[in-house]
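Here is how names work: the chains are called A, B, and so on, in the same order as the sequence lines, proteins then strands, and each is numbered from 1.
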There are 2 protein chains.
Amino acid sequence: MYESNKNEPIASLTIADSICNKLQTAIVEGIIPSGSKISEPALANQFGISRGPLREALSRLEACKLIERKPNVGARVISLTRQHLVEIYLIRESLEGLAARQAAKNMSDKELNEIDVLLDKHEQHIKQDQSYYQKEGEMDFHCRIIKGSRNNHLIEMYINDLYHLIRLYRYQFGMVSKRVPRAFVEHGQIVDAIRQHDGELAQFLMTRHIRSSRRTVEKMLDEHLAISD
Amino acid sequence: MYESNKNEPIASLTIADSICNKLQTAIVEGIIPSGSKISEPALANQFGISRGPLREALSRLEACKLIERKPNVGARVISLTRQHLVEIYLIRESLEGLAARQAAKNMSDKELNEIDVLLDKHEQHIKQDQSYYQKEGEMDFHCRIIKGSRNNHLIEMYINDLYHLIRLYRYQFGMVSKRVPRAFVEHGQIVDAIRQHDGELAQFLMTRHIRSSRRTVEKMLDEHLAISD
DNA sequence: TAATGCAATATTGTTGACAATTTGTCTTTT
DNA sequence: AAAAGACAAATTGTCAACAATATTGCATTA
């Protein structure tokens, strides 16, 4: 019996899992708008399932802070605010800095080569079409550094919780800026530092990279949009 | 009608909430031992409730990583390992460093004075009885710095998730060390830096404080206990 | 007319039963 | 005797109905 047993589970086994994933992308992409109330009966028969697994899915969405629940009242998608966005960026500066430092210790050559391939691909995409890079490429890079830290708790915190929030703000605020080429260069610098096992430098560069990104976003929000504080 | 409407909810309103709290302390205090399997039917009629709210509580325990669940198999209390403990300490170094830096910006004089009172109380307790300080006092201090950061997302991450894990390891590994007096001094230094609005220094001191604590613990684990890696 | 209180409605929380999956045991086979 | 397979028991996942709470609208009253 030839088991093709990749560590990846083939598909979302339980309904709650499946629904949770669908709701995550629905919220990220604004199909369920931020701030809107979530009706359990409505969603349940919209997906053709019972309220049981739906509530389980909502629990997980609450855990990764995509929704807020009040007892006996219900669930709402979180409201996007400038302050919250800044809070997340500050946390990212901190955690991804740590990740970069640890990645310089623990990341394998194989992983680094794969990142090289990724960055090459990004370079091509940037020359033609910025949108891809902005939407997925950037986060892809950051996730790999996180994974390279070998800190499983950090990896879970990031992939399960923070990741979705970051994507949410990215989508909803449509963050595209002149920083894309600059960010690309900074990614290269970070990889270099990791390759040389210079943890301190990698941490410094990563922290600064995200801080720059944060400031660009803050400026953008101040100028362009009058988003409720 | 004189509403004594403190922002605190009077009691855990929903059963799931109540059970979740009970399970958290049960796990932290080892009443439900780490690594043990959790039987839903058993727990349910042990608490005299149905499996519905119990599962909701388990979902939250999974969210704060006190238990691990596998689909169609069940839930287990996490196994305590040296590596996991180190991972958490590294995350704390990072996040509490950030918190201290932000606290230097945002913490009010009132809060600082309250911490002074707290530290005085600690000093008394240390002179008589180290156990109190180790068990709750230390975490109390750290929580206040976190709250002083005014970063709500960070506060929730810490209070809802990390906090319980830290307490869990504290209880189970019975961490008492000669560092207690030293740690007390370091707490004072951190408060001083915050009071002077020296964010960089506060961050540096907090990070170093936790790093020292981590190294003490690592050494302790290497010497005394042969805990499974 | 505005505010208050009550009743009706709708939503969430909880329960117990049913379905699907896994685990353990026993039999069968090589 | 060991391994494979089938059956049985137990556990988890899911469902639909019931209870409790919150919200809404209306009527009543000041």
Side-chain angles (χ1 to χ4, degrees), chain A residues 1-3 5-24 27 32-33 35-63 65-79, chain B residues 1-24 27 32-33 35-63 65-78:
Chain A
M1 200 198 293
Y2 291 94
E3 279 286 355
N5 200 354
K6 292 280 184 184
N7 284 358
E8 299 290 332
I10 312 298
S12 305
L13 293 158
T14 164
I15 291 181
D17 264 314
S18 164
I19 298 294
C20 178
N21 291 335
K22 287 181 186 174
L23 288 177
Q24 277 173 337
I27 291 174
I32 303 176
S36 66
K37 185 166 187 321
I38 289 178
S39 165
E40 292 183 6
L43 261 187
N45 57 21
Q46 179 177 329
F47 283 110
I49 59 167
S50 163
R51 277 178 56 218
L54 176 66
R55 282 171 65 85
E56 178 106 13
L58 291 182
S59 283
R60 297 186 201 175
L61 295 182
E62 186 186 19
K65 301 186 195 307
L66 287 179
I67 68 172
E68 288 173 339
R69 284 173 119 182
K70 286 182 185 174
N72 292 311
V73 172
R76 307 193 82 90
V77 180
I78 60 159
S79 300
Chain B
M1 202 197 291
Y2 293 94
E3 279 285 356
S4 75
N5 200 352
K6 292 279 187 186
N7 285 358
E8 300 290 334
I10 312 299
S12 305
L13 294 157
T14 165
I15 291 180
D17 264 313
S18 163
I19 298 294
C20 178
N21 291 335
K22 287 180 185 173
L23 288 177
Q24 277 173 336
I27 290 173
I32 304 177
S36 66
K37 184 164 188 321
I38 290 178
S39 164
E40 291 183 7
L43 261 188
N45 57 21
Q46 179 177 330
F47 283 110
I49 59 167
S50 162
R51 275 178 58 219
L54 176 66
R55 283 171 65 86
E56 178 105 14
L58 292 182
S59 283
R60 298 187 199 175
L61 295 182
E62 186 186 19
K65 301 185 195 308
L66 288 178
I67 68 173
E68 288 172 339
R69 285 173 118 182
K70 286 182 186 175
N72 291 311
V73 173
R76 307 192 81 90
V77 180
I78 60 160

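Closest of all the heavy-atom pairs between B/Leu58 and B/Ile67 is O-CD1, 3.4 Å. Minimum interatomic distance between B/Ala57 and B/Ile19 (heavy atoms only, all atoms of both residues): CB-CG2, 4.1 Å.
Take the nearest nucleotide of DNA chain D for B/Glu40 and for A/Gly52: the residue whose nucleotide is more 5' is B/Glu40.
Distance CZ (B/Arg51) to C1' (D/dT14): 9 Å, rounded to an integer number of Å. In this structure, B/Ile15 places its CD1 atom 18 Å from P of C/dT12, rounding to the nearest Å. Summarising the geometry, the separation between CG on A/Leu54 and P on C/dT11 is reported as 14 Å, rounded to the nearest angstrom. Protein atom CG of B/Asp17 is 9 Å distant from nucleotide atom P of C/dT14, rounded to whole Å. Here C/dG13 presents its C1' atom at 14 Å from CD1 of B/Ile19, a figure rounded to the nearest Å. In this structure, CG of A/Asn45 is placed 11 Å from P of D/dA16, rounded to the nearest angstrom. Atom CZ in B/Arg69 sits about 18 Å away from atom P in C/dT21, given to the nearest Å. Regarding B/Ile67, its CD1 atom lies at a distance of 11 Å from the P atom of D/dT12, rounded to whole Å.
Between the side chains of B/Arg55 and A/Ser59, no donor N or O sits under 3.5 Å from an acceptor N or O.
The pair A/Glu40-A/Arg51 meets the salt-bridge criterion, with a side-chain N (NZ, NE, NH1 or NH2) lying under 4.0 Å from an Asp/Glu carboxylate O.
At the phosphate of D/dG13, OP1 or OP2 sits under 4.0 Å from a side-chain N or O atom of B/Arg55. In terms of phosphate contacts, B/Thr14 brings a side-chain nitrogen or oxygen within less than 4.0 Å of OP1 or OP2 of C/dT14. The side chain of A/Lys37 places no N or O atom within less than 4.0 Å of a non-bridging phosphate oxygen (OP1 or OP2) of D/dA22.
Residues from residues 70-79 of chain A lying near DNA chain C, meaning a heavy-atom separation below 4.0 Å, are A/Pro71, A/Asn72, A/Val73, A/Gly74 in numerical order.
The residue B/Ile38 sits close only to the backbone: its heavy atoms come under 4.0 Å of sugar-phosphate atoms, none of a base.
At most 12 heavy atoms of other shown residues, nucleotides or ligands fall within 6.0 angstrom of atom NZ in A/Lys22.
A donor-acceptor contact shorter than 3.5 Å is absent between the side chain of B/Arg69 and the backbone of B/Ala75. Side-chain atoms of B/Arg76 do not come within 3.5 Å of backbone N or O of B/Ser36 as any donor-acceptor pair.
Listed nucleotides: D/dT14, C/dT14, D/dC15. Nearest to the side chain of A/Ser50: D/dC15.
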